[in-house]
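First the proteins, then the strands, lettered A, B, ... as listed; each starts at 1.
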Amino acid sequence: MNLSLYTIQAFVILDSEGTRVLAKYYNPKSNPQGESKDFLTLKDQKAFEKGLWQKTKKAGGDVILYDGHLVLYKHSLDVILYFIAGPTENELTISMALNSLVDALTMLLRNSLEKRGILENLDLVLLCLDETIDDGIIVDTDAPAIASRVSRPRADSDIVGLNINEQTLMSAYLTVRDKVQQRIGQL
Amino acid sequence: MAFASKKEDESGLSSYYNNKTTVIQEARVFNDTPVSPRKCRALLTRIVYMIYVGETFGTQEATTLFFGTTKLFQNKDSALRQAVYLAIKELATTAEDVIMVTSSIMKDMQANSDVIYRPNAIRALCRIIDPSMAQGVERFFKAAIVDRNPAISTAALVSAYHLFPFAKDVVKRWVNEAQEAVNAKSSSSFFGSSSSGGGGYLGFGAGSNQPSGPQAIQSSSYIAQYHALGLLYLIRQQDRMAVTKMIQQLGGGKSGAGTTLKNPIALCMLIRYAAKVIEEDPNVQRQMIELLEGWLRHKSDMVNYEAARAICELKHVQPQQLTKSIAVLQLFLSSPKPVLKFAATRTLAALALNHPQAVATCNVDLEGLIADSNRSVATYAITTLLKTGNEASVDRLIKQITGFMAEISDEFKVIIVDAVRSLCLKFPSKHSSMLTFLSGVLRDEGGYDFKRAVVEAMFDMIKYIGDSKEQALSHLCEFIEDCEFTKLSVRILHLLGLEGPKSPQPAKYIRFIYNRVVLENATVRAAAVTSLAKFGVNSAEVGLKRSISVLLRRCLDDVDDEVRDRAALYLKVFKEKPLADAYVKEESVFSLAALEAKLVAYVKDPSASSEPLDVSSVPKISRAQAAQEAARPSSLDTIGAPIAKSTSPAPQAPTAAEKQSAYAQQLAEVPEFAPYGTILNSTATPAQLTESETEYQVTCVKHIFKEHIVFQFNVSNTIPDTVLEQVSVIMTPQDEEIGLTEDFIIPLPSLTSASSPGIVYVSFTRENPTQYTIGSFGCTLKFISKELDPTTQEPEEEGYEDEYQVEDVELSAGGDYIIPSYATFGSEWDRMRSGPSATETFLLGAMESLKAACDSIVEVLNMEPLGGSEVPTSDSVHTLQLSGLATGGGGKVLARCRMTYSRGTGVTIELGVRAEKQEVCDLVVAAIA
């Protein structure tokens with residue numbers, strides 16, 4: 001029985017070929033159960049993901065016990081999103097967390113929760129994950145609130161040349177004035 | 001959109017992203033003036049992403065990047081700052097000197113700052129600060145935990161949770177704030193509920209252009225209660241009373257309606273705490289179970305399920321307590337949601353292990369799930385039905401399972417095979433259809449664990465269902481023809497050697513076994529040779545022996561020496577019957593645990609290597625006992641494997657031999673005992689010297705060395721607020737002339753209830769090591785008692801000396817000098833005819849029957865009763881045969897008790913002892929007298 005708040009062991013997104021789009025494994029060092037020995041190397045993680053994908057590539061299962069881990073998953077267009085937890089976790093809790101993350105991502109990506117959308121908006125996806133899970137602890141399960149906590153980059157703030165303000169106008173005016181004065185002087 | 005366009009080419013994507021060098025080079029954008037928030041954020045994202053997909057930065061690289069990002073603290077763009085915090089969190093684990101940015105982060109944590117990244121700052125802080133600085137941030141945290149904004153409160157609580165193990169004392173002081181956060185009622189009631197939050201979301205896309213950053217929607221999930229509860233438990237977990245009180249307070253009375261907890265996950269945690277309290281404290285059990293039952297009616301499925309599961313997993317749950325939980329789970333079975341069905345079937349499958357009758361009410365619903373599209377649900381449903389079902393449904397179920405075995409993971413295959421195995425044992429008449437199923441799956445693809453489960457299931461059928469033996473053996477023969485697992489081949493060959501010769505036509509197995517000799521690797525070939533030899537020795541047919549000799553002779557040219565040696569050995573054994581009896585038919589084996597301990601001691605002791613290991617001092621056990629020791633959970637108790645695995649399996653009671661080696665290790669840590677050499681024997685079970693409910697509890701273990709005897713007193717102090725200092729045990733022999741001299745006492749410097757039990761050693765020298773000293777000692781516990789200050793937990797200056805009388809310690813023959821060992825009594829007794837012996841007649845007037853006499857003799861002598869002779873068949877006359885080993889090279893000792901019983905006089909016994917040394921005989925006789 002897990003009496004700590006450390007609930008989620010990993011969040012993984014795999015694509016339709018089973019390759020990793022995104023993976024975050026949590027191994028909190030303050031976990032009272034001691035640091036987990038699973039998934040320490042990239043090789044272990046990939047092997048786990050490969051096997052898991054084999055068992056979950058068909059849609060409609062939502063939950064599986066794989067290799068001693070409780071895995072909740074959700075298909076969305078061409079990707080599968082996974083939450084991996086310990087075998088004693090409450091399935092419904094993990095499912096709720098996954099659903100809220102998926103809902104929040106769907107809002108942020110404007111309904112295109114697919115591989116391309118994820119990669120093009122990685123900043124939003126990563127921040128959204130960070131607002132949902134903090135080192136294995138579920139931070140929030142309210143999807144609109146999670147989505148609203150993810151900031152978007154400000155558009156057009158650094159497009160050079162469109163920065164028309166008092167200063168640029170003044171310098172333009174001064175340049176024109178200097179040139180005109182020179183021309184007049186030459187005459 | 002330069003960032004997006006680079007990703008157009010998807011094939012080159014990962015290499016582009018995973019190029020560490022590029023990223024580190026591009027990190028100079030952090031130094032540009034003016035900083036471009038968009039470019040920086042893109043780069044930060046790439047850094048974090050690279051870490052997430054498995055790239056690792058070196059310490060130097062991470063440190064460079066980390067301090068690059070800190071320059072961005074000067075920028076006001078909230079979108080950038082949020083990304084900075086994420087990068088800081090991820091880099092902090094590898095970078096050095098991360099503590100330098102503390103003040104920048106603290107600035108963002110100020111209560112007056114109204115920025116969206118304030119929670120991010122709080123959550124990043126716990127990654128970078130040194131535990132010693134926790135005190136400095138205390139004020140911020142206390143304020144943040146009780147902040148009106150749930151995002152800030154949550155961030156502070158989560159951060160505190162991460163910090164706790166490193167700064168216990170500081171975080172403990174935030175308990176009042178955490179308590180307030182648990183009880184928070186207002187939360188979002190004034191910001192609107194989540195249903196209206198959707199509308200709020202629509203507006204935020206436009207809002208993101210505001211320079212001050214978007215205003216976040218306040219969470220309506222009350223999730224801060226979950227974090228606050230988790231933190232409170234972390235702080236209070238050592239204090240069971242406080243936890244119980246917390247559960248009662250937050251539980252909200254019998255109906256559960258009065259609770260202030262609104263977050264379902266928080267309630268789930270509360271249920272887990274309650275389940276733990278139930279396990280530890282029987283006094284509150286009833287009240288807690290009532291609370292759990294209240295939660296079965298909560299409006300959230302999650303809470304219902306957690307409560308139902310908690311009740312089902314209670315250790316000593318009564319069937320009538322289960323009804324309500326099962327009803328809740330049954331409701332889930334017909335839900336359209338796979339997760340609910342999965343949760344319910346998983347719990348029911350585990351429950352069916354111990355309470356098949358109670359689960360049987362769900363059978364109709366479970367039948368509906370057999371063909372469920374989620375294979376896990378179907379598997380759990382079937383295994384549950386296998387346990388609860390009746391004989392008539394077996395065939396149908398087996399057919400169903402065969403249909404989808406190929407589609408499920410090995411783990412589930414193992415579960416199903418185990419379920420089928422227990423079903424076989426339950427309904428032996430169905431064995432043929434199940435055997436067909438097992439042999440079918442044996443041919444399928446599968447890993448070692450799965451194949452082993454199938455093979456073990458067949459082994460059990462051979463063992464328990466006589467009718468299935470022939471068929472199962474031939475399936476196994478076929479399996480080893482094409483088996484890739486050496487371990488399994490060897491086990492099957494061993495079984496064939498045991499069972500084959502007893503079958504009506506042993507010859508038909510020879511071909512299969514000899515094929516192994518021709519085709520397999522050395523390990524399997526060796527096992528096959530041994531198996532063949534058993535046929536040769538045990539079979540009744542004369543012709544068979546001759547043909548096996550021919551086969552074995554061919555093995556003499558094998559390339560592997562082990563195979564050659566075995567073949568040569570068995571060829572020799574065939575010719576000499578006594579050797580055959582000793583090496584092939586021998587019924588007793590060494591006790592493996594004892595042998596292991598002996599070997600370890602032998603290897604560790606450098607002086608011992610000058611002489612060969614004395615095998616005769618290792619106790620022997622019969623094959624039946626060996627099988628029992630190695631027994632895996634047979635029959636019905638394996639099906640819950642994946643669940644049982646998770647609920648931290650109760651540690652098995654250590655066997656006597658394991659204890660011995662544990663003691664040996666303990667003693668090896670005490671330098672004073674180093675010159676004593678190896679332990680000859682330790683008491684198997686500690687003797688209780690006090691009642692179990694007294695304030696100080698003492699048990700005693702005796703360790704016999706060659707020239708010394710060490711008494712180990714395990715002392716427990718059960719009074720919480722007292723510390724005992726200089727604890728020692730004073731031993732006075734009842735008989736002055738006992739032949740032992742006290743060497744020293746190793747007292748215990750201090751003992752509290754937390755550090756109990758502690759160990760006090762008393763050492764004696766045996767004046768005459770060849771003599772077996774017996775006698776009893778009066779024991780007194782002596783200590784200085786001091787009270788603990790309740791606040792500081794420091795002991796007071798002044799204490800008072802006290803003494804505490806405990807029961808006497810006996811040094812006796814059985815248990816201290818003699819250990820049980822198996823032997824073939826008849827032949828050994830005759831063989832030792834000429835050795836030292838002793839005969840004595842006793843009258844045991846107090847004994848009421850022969851059975852009672854047998855029991856007490858076995859207990860007193862601590863010897864192995866042989867051939868079932870511990871159970872008298874007649875009321876008046878009986879012979880008890882005993883065998884044992886005397887420690888310290890005393891060798892074998894056999895005892896024969898002929899006894900008669902008559903109502904008037906009680907039991908009269910004539911005790912005959914034969915041993916390798918006269919002292920041992922005298923010891924045995926003295927023990928009875």
Using only atom types and a distance under 3.5 Å, with no angle test, would you say the side chain of Arg272(B) pairs donor to acceptor with the backbone of Met1(A)? no
Of the backbone (N, CA, C, O) and the side chain (C-beta and beyond), which part of Tyr233(B) lies under 4.5 Å from a heavy atom of chain A, both, or neither? side chain
Calculate, to the nearest 0.5 Å, the distance between atoms CZ and OG1 belonging to Arg309(B) and Thr88(A) respectively. 6.5 Å
Segment of Phe166(B) engaging chain A (4.5 angstrom heavy-atom cut-off): side chain
Which heavy atom in Leu5(A) sits nearest to a heavy atom in Gly230(B), and how many Å separate them? CD2-CA, 3.7 Å
Is any side-chain heavy atom of Leu92(A) closer than 4.5 Å to one of Glu306(B)? no
Ion pair present between Glu89(A) and Arg346(B), side-chain N to carboxylate O less than 4.0 angstrom? no
Tell me, do Gln82(B) and Asp130(A) make a side-chain contact under 4.5 Å, heavy atoms counted? no
Measuring heavy-atom distances to chain A, does Met302(B) have an atom under 4.5 Å in its side chain, in its backbone, in both, or in neither? both
Tell me, out of Asp135(A), Val125(A), Val12(A), who's got the most heavy-atom pairs with chain B below 4.5 Å. Asp135(A)
What part of Leu129(A) gets within 4.5 angstrom of chain B, counting heavy atoms only: side chain, backbone, both, or neither? side chain
Atom pair CD (Glu91(A)) and CG (Leu340(B)), whose distance is rounded to the nearest 0.5 Å: 9.5 Å
For the interface with chain B, which of Val21(A), Leu22(A), Ile138(A), Val139(A) has the highest count of heavy-atom pairs at distances below 4.5 Å? Val139(A)
Thr41(A), part contacting chain B, at a heavy-atom distance under 4.5 Å: neither
For the residue pair Arg20(A) and Tyr52(B), what are the closest heavy atoms and their distance? NH1-O, 3.8 Å
Between Arg41(B) and Ser151(A), is any side-chain donor less than 3.5 angstrom from a side-chain acceptor? yes
Euclidean distance, Met96(A) CE relative to Ser300(B) OG, rounded to 0.5 Å: 7.0 Å
Taking all non-hydrogen atoms of both residues, which atom of Asn90(A) and which atom of Tyr305(B) are closest, and how far apart? OD1-CD2, 3.2 Å
Check this for me, if you would: do Glu131(A) and Arg123(B) make a salt bridge, where the nitrogen-to-carboxylate-oxygen distance has to be below 4.0 angstrom? yes
Under 4.5 Å from any heavy atom of chain B - which part of Leu42(A): side chain
Checking side-chain polar atoms at under 3.5 Å, does Arg149(A) have a donor or acceptor matched by the opposite partner on Asn120(B)? yes
Heavy-atom pair with the smallest gap, counting every atom of Leu126(A) and Tyr49(B): CD1-N, 3.9 Å
Over all heavy atoms of both residues, which pair between Pro338(B) and Val63(A) is shortest? Give the atoms and the distance, please. O-CG1, 4.0 Å
Select one option (side chain, backbone, both, neither) describing which atoms of Gln45(A) are under 4.5 Å from chain B's heavy atoms. neither
Checking side-chain contact (heavy atoms from CB on, under 4.5 Å) for the pair Leu70(A)/Phe342(B): CA distance, chi angles, key distance, verdict? CA-CA 11 Å; Leu70(A) 181 68; Phe342(B) 180 89; 3.6 Å; yes
Between Arg127(B) and chain A, with a heavy-atom cut-off of 4.5 Å, which part of the residue counts as in contact: side chain, backbone, both or neither? side chain
Less than 4.5 Å to any heavy atom of chain B: does that hold for the side chain of Thr141(A), its backbone, both, or neither? both
Polar side-chain atom of Asp140(A) near backbone of Ala151(B) as donor-acceptor pair, under 3.5 Å: no
Is the closest side-chain heavy-atom distance between Ile223(B) and Asp142(A) below 4.5 Å? no
Interface moiety of Glu49(A) toward chain B, non-hydrogen atoms closer than 4.5 Å: neither
Contact origin within Glu90(B) toward chain A - heavy atom pairs under 4.5 Å: side chain
Among Asp134(A), Ile94(A), Leu127(A), single out the residue with the greatest number of heavy-atom pairs under 4.5 Å to chain B. Asp134(A)
Engaged part of Leu229(B) at the chain A interface, taking heavy atoms whose separation is under 4.5 Å: neither
Chain A heavy atoms under 4.5 Å from Lys337(B): which part of the residue, side chain, backbone, both or neither? neither
Contact summary for Ala79(B) and Pro153(A), nearest pair of heavy atoms: CB-CA, 3.8 Å
Quick check on Ile146(A) against chain B: is it the side chain, the backbone, both or neither that has a heavy atom closer than 4.5 Å? neither
Most contacts with chain A, counted as non-hydrogen pairs under 4.5 angstrom, among Leu80(B), Asn374(B), Val377(B), Val48(B): Asn374(B)
How about Tyr380(B) and Leu65(A): do any of their side-chain heavy atoms sit closer than 4.5 Å? yes
